[in-house]
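Side-chain atoms are counted along with the backbone in the values below, which use heavy atoms only and exclude waters and symmetry mates. The residues of the chain are indexed from 1 along the displayed sequence.
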Amino acid sequence: STGKFNPATDKVLVPGSFNNWNTNSLDPGSVVLTNNPVGPNSNVFSGVLSLQGPIGACGYTYKYWTDSTNMGNSGYETRSDRSLAVNSSNEVLPTAFWDDASPCQVIEQPQSITFTIGMTNATGTDATVYNGTQAIYLNGDFAGWWGWANPAPTVASNIYTMTNIVGTSNYFVTVAFPAGQNLRLEYKYSMNGSDNEAGGSVNHIRYIRTTPGQTNYALPLDLWINNNPTVPRVESELGGLTATPATPGNVQISYRGLKCATLQSATNVAGPWQYKADAAGVGSNTFPAALQQEYYRLSR
């Protein structure tokens, strides 16, 4: 549904340590997966791998690979290597999602996501001091982690240059994401193109919290990590659950949800829990106040 992979024409292979990471579909040593075009799910690809060795053998590593030129990462999944242990003579592995991204973990339609960074008193790890003259950039997993450099590379200048909000030290950029983008965003900011917001692998992590039909979302304001080390920079998937009085006889439940999340309630913390509302994004619902103690939770 994302347009990156065409099950009618694109091939799926399983390169791994058992075949010298072979991605040549014409080679007898390659493992080519096939689908059933008229089956209940034509997007499920499967195949058989023959291994010689004792039952209990392990230590094999592999990834899924496609010849689709739209997938990036040279056709490989971007996750770490998968592992394989042989526990029987006819081992059947469970169906896996590409990059472990189930439909509940990706957006299904193009979205425009706005990032905003506060630069007040910002100092880079390379001693660069923000004074309003620096170019501010965004980098991240969705940007292929373009190579840090001063001056910044062309891709950063063309797509990920941030704009100052006049009268403030805040900067923003709106990025267009295609369908299939993971809800989880890991990213970092830069002054002049260098990796100078924080130490290596110290990044921001937030989530796209749009509701069905919503095509744009503004992430909460980020603060420059090097000057705000105690400010949380990693969002939890679900959170912000609060209960406040609403109109007489009602209670307002607010939350920070995510795709496939639901709001539930129970009169006992041990359950049973009852569905109250979908909690796909940031939102709130008003319910009649119960006559007895009532608990609420977000579940995904």
Side-chain angles (χ1 to χ4, degrees), residues 78-80 105 113-150 152 156 160-175 177 181-210 217-244 252-259 261 263 279-284 296-300:
T78 60
R79 57 153 289 159
S80 57
Q105 293 174 304
I113 307 300
T114 299
F115 298 75
T116 310
I117 176 69
M119 296 297 295
T120 302
N121 300 320
T123 302
T125 54
D126 58 0
T128 301
V129 178
Y130 169 75
N131 59 16
T133 65
Q134 293 84 8
I136 309 301
Y137 298 99
L138 172 69
N139 202 350
D141 51 7
F142 47 83
W145 288 107
W146 48 263
W148 304 102
N150 183 1
Y160 302 107
T161 301
M162 307 192 72
T163 301
N164 176 243
I165 300 175
V166 178
T168 74
S169 59
N170 294 347
Y171 289 72
F172 78 95
V173 65
T174 299
V175 179
F177 287 105
Q181 164 66 40
N182 202 297
L183 300 176
R184 182 184 184 274
L185 305 172
E186 184 166 356
Y187 57 96
K188 203 171 189 177
Y189 299 98
S190 164
M191 284 192 279
N192 295 328
S194 300
D195 184 5
N196 53 11
E197 186 191 1
S201 300
V202 179
N203 306 320
H204 301 270
I205 295 176
R206 291 194 186 276
Y207 293 83
I208 299 175
R209 302 184 189 277
T210 49
Y217 177 63
L219 299 172
L221 175 70
D222 288 314
L223 297 179
W224 188 261
I225 295 173
N226 195 43
N227 295 84
N228 301 276
T230 62
V231 175
R233 57 182 176 77
V234 178
E235 278 187 345
S236 59
E237 289 193 359
L238 303 175
L241 188 63
T242 59
T244 56
Q252 179 173 291
I253 306 297
S254 302
Y255 49 84
R256 190 172 66 246
L258 200 62
K259 184 181 179 183
L263 179 66
V282 177
S284 64
Y296 286 84
R297 75 177 185 182
L298 291 169
S299 179
R300 189 167 184 261

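The shortest non-hydrogen separation linking K188 to S201 is NZ-N, 4.3 Å. In terms of heavy-atom proximity, L241 sits nearest to Y296 at CD2-O, 3.5 Å. When all heavy atoms of R209 and E237 are compared, the closest pair comes out as NH1-O, 2.6 Å. Between A261 and L238 the shortest heavy-atom distance is CB-CD2, 3.8 Å. Minimum heavy-atom separation, L263 to L298: CD1-CD2, 4.1 Å. Of all the heavy atoms in Y171 and M162, the pair that sits closest is O-CE, 3.4 Å.
Applying the ring-ring contact (aromatic ring centres under 6.0 Å, His included) criterion to F142, with sequence neighbours excluded, gives F115, F177. With sequence neighbours left out, the side-chain hydrogen bond (donor to acceptor under 3.5 Å, both in side chains) criterion links Y189 to D222. Scanning for ring-ring contact (aromatic ring centres under 6.0 Å, His included) contacts around Y137 gives an empty result, with sequence neighbours left out.
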>> Let's go through Y207 and K259 carefully: what are the C-alpha distance in whole Å and the side-chain angles of both, what is the deciding distance for side-chain contact (heavy atoms from CB on, under 4.5 Å) to 0.1 Å, and is it a yes or a no?
In response: CA-CA 10 Å; Y207 293 83; K259 184 181 179 183; over 6 Å; no
> Could you go step by step and tell me if Y217 and V282 meet the side-chain contact (heavy atoms from CB on, under 4.5 Å) rule?
Replying inline: CA-CA 10 Å; Y217 177 63; V282 177; 3.9 Å; yes
> Yes or no on side-chain contact (heavy atoms from CB on, under 4.5 Å) for V173 and Y160, after CA distance, side-chain angles and deciding distance?
Replying inline: CA-CA 7 Å; V173 65; Y160 302 107; 5.7 Å; no
> After noting the C-alpha distance and the side-chain angles of T128 and D126, does the key distance pass the side-chain hydrogen bond (donor to acceptor under 3.5 Å, both in side chains) rule?
Replying inline: CA-CA 6 Å; T128 301; D126 58 0; 2.9 Å; yes
> S190 and D195: side-chain contact (heavy atoms from CB on, under 4.5 Å), yes or no, with the steps?
Replying inline: CA-CA 6 Å; S190 164; D195 184 5; over 6 Å; no
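Checking side-chain atoms of T116 against main-chain N and O of P220 turns up no donor-acceptor pair under 3.5 Å. The main-chain N or O of T123 is found under 3.5 Å from a side-chain atom of N226 such that the two form a donor-acceptor pair. The main-chain N or O of I225 is found under 3.5 Å from a side-chain atom of E197 such that the two form a donor-acceptor pair. Between the side chain of N139 and the main chain of W146, a donor-acceptor pair closer than 3.5 Å is present. Between the side chain of N227 and the backbone N or O of N121 there is at least one donor-acceptor pair closer than 3.5 Å. A distance-only check finds no donor-acceptor pair linking the side chain of W224 to the backbone of I117 [under 3.5 Å]. A donor-acceptor contact shorter than 3.5 Å is absent between the side chain of S194 and the backbone of N196.
The only member of V202, I205, N228 that meets side chain to side chain contact (heavy atoms under 4.5 Å, CB included) when paired with R233 is V202. Applying side chain to side chain donor-acceptor pair (under 3.5 Å) to E235 and the options H204, R184, R206 leaves one that passes, R206.
To the nearest 0.5 Å, atom OH of residue Y187 and atom CG of residue D141 are 10.5 Å apart. Separating the CG atom in L183 from the OG1 atom in T210 is a distance of 7.0 Å, to the nearest 0.5 Å. Between the CG atom of N203 and the CG atom of L185 there is a distance of 12.0 Å, given to the nearest 0.5 Å. To the nearest 0.5 angstrom, I136 atom CD1 is 11.0 Å from T163 atom OG1.
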